[in-house]
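Owing to the predicted nature of the structure, the values given are computational and were not obtained by experimental measurement. In what follows, residues are counted from 1 in the order of the sequence shown.
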Amino acid sequence: MSSLVSSPAKYGRLKNFINGAFTVSSAARHLSVVSPLDGTPLADMPCSTPADLDAAVAAARAAFPGWSRTPVKERVQVFFRYKYLLERDKEELTALVSEENGKTREEALAEVEKCIELTEFATSLPQLIAGEVLEVSRGVECRTERVPLGVVASIVPFNFPAMVPNWTTPNALALGNCMIIKPSEKVPLSCGRLALLLKEAGLPDGVFNIVNGESEIVNAICDHPGIDAVSFVGSTRVAKMVYQRATQHLKRCLALGGAKNHLLVLPDAQPEMTARDVVVSMSGCAGQRCMAASAMLAVGPTDAIIERICEEARRVVPGKNLGAVINREAKERIETYITQAEQQGAKVLVDGRGYVVAGKENGTYVGPTVIDHVTPDMAVAREEIFGPVISIMRVATLDEALAIENANPYGNAASVYTRNGGMARQVIERASAGMVGVNVGVPVPREPFSFGGWNESRFGVGDITGKSSIEFWTRLKKSTVKWNAEAGVNWMS
Ligand code: NAD
């Protein structure tokens, strides 16, 4: 890690990554990056200035002509090598993701494995972007080809320090764009490691650049005339601001926001599987997944399943098989939600408040929490909590459950637990969410299927990964060609 930093303390003072080299920021201010696992100070992150962004954009613009003219089959060779390097350094990356984000080693490993899968998809892009050609009138051909946009930006959140950067980077770059990425100020370390791997894989200097910072850099990205497109992943509040600001500057923008995902549990659901999946979905990554189950709609007689859910939840222990939440502020926010629900009459069946892990007193842990008898008007029923908490609402019918799910402004995921195919089909059809599961608690579509929610979970057109992302990262060139004069004049000439 020494090349990432310039000072001795753990990882020291971070640099930006511009034109293939770690570069000192002109920042006057730095933020501390702290491990949520135990409070260890990890690094000082520069709040970069617009001048730092200018330098990154200049490097990316300079690299663009050469990179975009490199044939796609050559460009993807970098990602075959990058995939190998991710595999080679899997353990090191896993440790870093866990250390800066607070997730368990197993969760961090799964994240790195997902990075590998995303990269595999990028290597298949030559097959997917082959254009079309047709003789449209005698001697005249039309053909289409996918052309990169130019310099694009990727603004990412804290909850997947390696995976979300890999949602955008391999596809955008393999398709011929150059990129500026702005990591989350809470977890900037993994991104720097990815930059080193991309360089080792043979990516030309300037194609991939990192500018660390917070909102000032995000605003500067939206405003910058040298940036052609902006992708954003984070909370809905910021997604809306970024979408409005970037499109006001006539940039293409795709902004993924927050979520409130509903699990509908029907009385015929298989109890063991349902209980296990509900707990894994709500507590995995300490509930800090935009696909985590946050609200459960218990339809009809489901007491026995709820009891099992509580038993499963009690087996999830912070510091052992449950990681930390990102910081003290998050811990307080989550615990306040639980307390408010209790004060409003909900019943806390399993209580994760006030958790301290022995030996890691400076870590920020919240235990798994099951809240029953929540009503749809409570904040825990409506808002994203982003912690290991499930809010159970009791309803009498599937219609009632779907009405609650549909009324929520978000729309990332919804899942149903049932053995009845007809009921499951109704949920697939009627849930107002971009990603739906049947007996799957975290219905993330795997590559080549694309990832993207609906409603206030996504602003812009299309999805961020998979085949759908090709549309976002490229534009279509249509050419109409005549070589022989004998083809004559046609109706459009
Ligand atoms: P966040 O919105 O606070 O931050 C995301 C990015 O925006 C960061 O890089 C941050 O520096 C920047 N930012 C923060 N405040 C800003 C402001 N006022 N102006 C401009 N930029 C600003 O999100 P987070 O806390 O890092 O991540 C958690 C959120 O991300 C949750 O809401 C989660 O649901 C969401 N998320 C969504 C998806 C999805 O696919 N829809 C995936 C992962 C995370």
Side-chain angles (χ1 to χ4, degrees), residues 9-14 29-47 95-105 107-108 111 156-161 164 183-191 212-215 234-238 258-259 282-290 292 294 313 316-343 348 350-371 379-380 383-391:
K10 188 75 192 200
Y11 303 118
R13 180 160 283 193
L14 292 190
R29 215 158 53 85
H30 289 75
L31 297 177
S32 294
V33 179
V34 172
S35 175
L37 293 173
D38 56 8
T40 302
L42 296 178
D44 296 325
M45 194 231 48
C47 297
L96 190 58
V97 166
S98 171
E99 186 176 37
E100 69 172 337
N101 171 274
K103 60 183 70 177
T104 65
R105 188 197 163 275
E107 290 163 349
E111 174 167 351
V156 294
F158 79 79
N159 61 332
F160 285 94
V164 176
S184 162
E185 64 277 18
K186 299 180 186 104
V187 295
L189 291 159
S190 300
C191 227
N212 289 293
E214 35 170 18
S215 56
S235 63
T236 291
R237 183 182 67 82
V238 184
M282 68 94 156
S283 68
C285 297
Q288 299 173 123
R289 284 191 288 205
C290 64
S294 179
V316 176
V317 181
K320 288 203 175 97
N321 53 354
L322 177 62
V325 298
I326 190 69
N327 54 26
R328 200 150 295 282
E329 195 188 342
K331 178 177 162 71
E332 282 166 18
R333 188 197 64 238
I334 297 161
E335 294 186 348
T336 302
Y337 269 117
I338 302 167
T339 302
Q340 265 177 8
E342 192 175 46
Q343 286 165 351
V348 181
V350 180
D351 190 351
R353 284 172 291 183
Y355 218 102
V356 177
V357 173
K360 295 180 176 175
E361 286 74 11
N362 290 326
T364 42
Y365 294 87
V366 179
T369 300
V370 181
I371 315 178
V380 288
E383 295 171 17
E384 180 174 45
I385 301 172
F386 227 51
V389 179
I390 189 91
S391 307

* Compute whether any side-chain donor of one residue and acceptor of the other, for Glu100 and Ser190, lie under 3.5 angstrom apart. =>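 Yes, a side-chain donor-acceptor pair sits under 3.5 Å.
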* To do: Consider only side-chain N and O atoms of Glu99 and Tyr11, and report whether a donor and an acceptor are under 3.5 Å apart.
  =>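 Yes - a donor-acceptor pair under 3.5 Å links their side chains.
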Side-chain heavy-atom pair [X], [Y] within 4.5 angstrom cut-off:
X	Y	answer
Ile385	Val380	yes
Ser32	Asp44	yes
Val389	Ser294	no

* Set of residues satisfying salt bridge (charged side-chain N to carboxylate O under 4.0 Å, His left out) with respect to Arg328, sequence neighbours excluded ->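 Listed in chain order: nothing, the list is empty.
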* Taking only residues two or more places apart in sequence or in another chain, which ones pass salt bridge (charged side-chain N to carboxylate O under 4.0 Å, His left out) with Arg333? -> none
* Asked: Just how far is it from atom CD of Glu383 to atom OH of Tyr337, taken to the nearest 0.5 Å?
  ->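 Between Glu383 CD and Tyr337 OH, I get 3.5 Å after rounding to 0.5 Å.
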* Counting N and O atoms only, with roles assigned by atom type, does the side chain of Lys103 sit under 3.5 Å from a partner on the main chain of Asn159, one being a donor and the other an acceptor? ->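 Checking the backbone N and O of Asn159 against the side chain of Lys103, a donor-acceptor pair under 3.5 Å is found.
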* To do: Using atom types as modelled and distance alone, determine if a side-chain donor or acceptor of Glu335 lies under 3.5 Å from a backbone N or O of Gly354.
  => yes
* Got a sec, which pairs hit salt bridge (charged side-chain N to carboxylate O under 4.0 Å, His left out) with one end in residues 351-367, sequence neighbours left out? -> Glu342-Arg353, Asp351-Arg353
* Gly234 to Pro157 - nearest heavy-atom pair and separation ->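 So the two residues come closest at CA-CB, 4.1 Å.
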* Contact summary for Ile334 and Val325, nearest pair of heavy atoms ->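 So the two residues come closest at CD1-CG1, 3.7 Å.
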